Amino acid sequence: MIRLDGVGQVFEGREGRVVALEEIDLHVKPNEFVTLIGRSGCGKSTLLRLIAGLLPPTSGAVSVAGEPVTRPRRDVSFMFQRPALLPWRSVLSNVMLPVEIDGGDGDRGRAAYRDRAHDLLDLVGLKGFERRLPYELSGGMQQRVSLCRSLIRDPQVMLMDEPFSALDALTRTELSEELQRIKMELATTIVFVTHSIEEAVVLADRVVVLTPRPGRLREVVDIDIPRPRSLGQNAHLTEVAQISGLLHGLLAEKSVDDLRPVDEVRP
Ligand SMILES: Nc1ncnc2c1ncn2[C@@H]1O[C@H](COP(=O)(O)OP(=O)(O)O)[C@@H](O)[C@H]1O
Ligand SMILES: [Mg+2]
């Protein structure tokens, strides 16, 4: 579904050249859930922007669904750490925003999208909140709205950049369970960036570990723990802890003084 072949990204900044990514070869299968971890500044967000078509790679090739990525695609959605809702629009019309900006698919009318928006809000437990304004909702509820917005056009691919990082632990646990449930229902391919190693393990079919600048693939770890999995109470805590320990070790391998200490990368 997603292919990166020999991808590199160099930024020419005011302080000189920054090699953000180097020689990235990564193939993500349809319906796969891949999480991406690495130290701050190692190029995780850059990698997502390359897949999203927001940035052309300085070397190598990126393709989605067999087509080279040259600009953003309608079937690829992006979700950020902040919900970024429009404060004057209701919950429902925030969810409908992508359809209004860019139109829907020809075969689905506006009314059908509204029904879809209602179903999605229902799915994340926000039934009855459709007419509320964002300020009336908690951070977790706002991020659920943002999740619905990124699902409104049935994306083939969802790119998620630390979407749960700003949430409290309990809300984060709930949302990571909901995301797994939604993914099982909707069959979509996800690339999910997180600072939390445990979150990366709990969510992923595969965890991709990047090295510090420049970001290279350090390791790709298959996670075979049965689903559903949880960050909270669950039967697989030992396995999650074992794999997390291994990943901590990989992340701690290289220390570069201008980067945050590994303790800060821990959840
Ligand atoms: N538009 C840009 N111009 C210059 N440098 C950038 C730009 N975007 C990112 N970088 C640099 O590229 C590196 C990787 O950034 P980023 O992908 O945001 O890292 P991460 O998301 O892993 O924290 C950092 O050193 C960052 O400063
Ligand atoms: Mg980032």
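Atoms within a ligand are numbered from 1 in the order they appear, just like the ligands themselves. Keep in mind that this is a model prediction, so the values were computed, not measured.
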Self-check item: A20 neighbourhood, listing ligand 1 atoms whose heavy-atom distance to it stays under 4.0 Å
Solution: 12 (O), 13 (C)
Practice problem: State, without any angle test, whether S230 and E177 hold a side-chain donor-acceptor pair at a distance under 3.5 Å. | Solution: yes
Quiz item: Between G43, S40, G38, which one has a non-hydrogen atom sitting closest to atom 19 (O) of ligand 1?
Solution: G43
Quiz item: What about I51 and F192, same hydrophobic cluster or not, with Ile/Leu/Val/Met/Phe/Trp/Tyr joined at side-chain heavy-atom distances under 4.5 Å?
Solution: no
Quiz item: Going by an N to O cut-off under 4.0 Å, is there a salt bridge joining D25 and R3?
Solution: no
Self-check item: Co-membership, hydrophobic cluster, residues V19 and L210, 4.5 Å side-chain
Solution: no
Quiz item: Heavy atom under 4.0 Å from ligand 1: found in V18's side chain, backbone, both, or neither?
Solution: side chain
Quiz item: Below 4.0 angstrom, N of the basic side chain to O of the carboxylate: do E219 and R206 qualify?
Solution: no
Self-check item: Heteroatom test (N, O or S) for S45 near the Mg ion (ligand 2), limit 2.8 Å
Solution: yes
Quiz item: Does G41 reach ligand 1 with a nitrogen or oxygen that is under 3.5 Å from one of the ligand's nitrogen or oxygen atoms?
Solution: yes
Practice problem: State whether a side-chain donor-acceptor pair under 3.5 Å links T194 with E199. | Solution: yes
Exercise. Pick, from K44, R49, E162, H195, the option with the minimum heavy-atom distance to atom 22 (O) of ligand 1.
Key: K44
Self-check item: T46: numbered ligand 1 atoms lying under 4.0 Å from its heavy atoms
Solution: 14 (C), 15 (O), 16 (P), 17 (O)
Practice problem: Among all protein heavy atoms, pick the one closest to atom 18 (O) of ligand 1 and tell me residue, atom and distance. | Solution: S45 CB, 3.8 Å
Quiz item: Looking at atom 4 (C) of ligand 1, what's its closest protein heavy atom, distance included?
Solution: F11 CB, 3.3 Å
Quiz item: Between the side chain of R71 and the main-chain N/O of G53, is any donor-acceptor distance below 3.5 Å?
Solution: no
Exercise. Give the C-alpha distance, both sets of side-chain angles, the deciding distance and a yes or no for salt bridge (Lys or Arg N to Asp or Glu O under 4.0 Å) between R89 and E100.
Key: CA-CA 13 Å; R89 292 182 70 126; E100 288 177 20; 2.6 Å; yes
Practice problem: Kindly indicate whether atom 9 (C) of ligand 1 is approached by any protein heavy atom to under 4.0 angstrom. | Solution: yes
Quiz item: Does ligand 1 have a heavy atom under 4.0 Å from the side chain of R213, from its backbone, from both, or from neither?
Solution: side chain
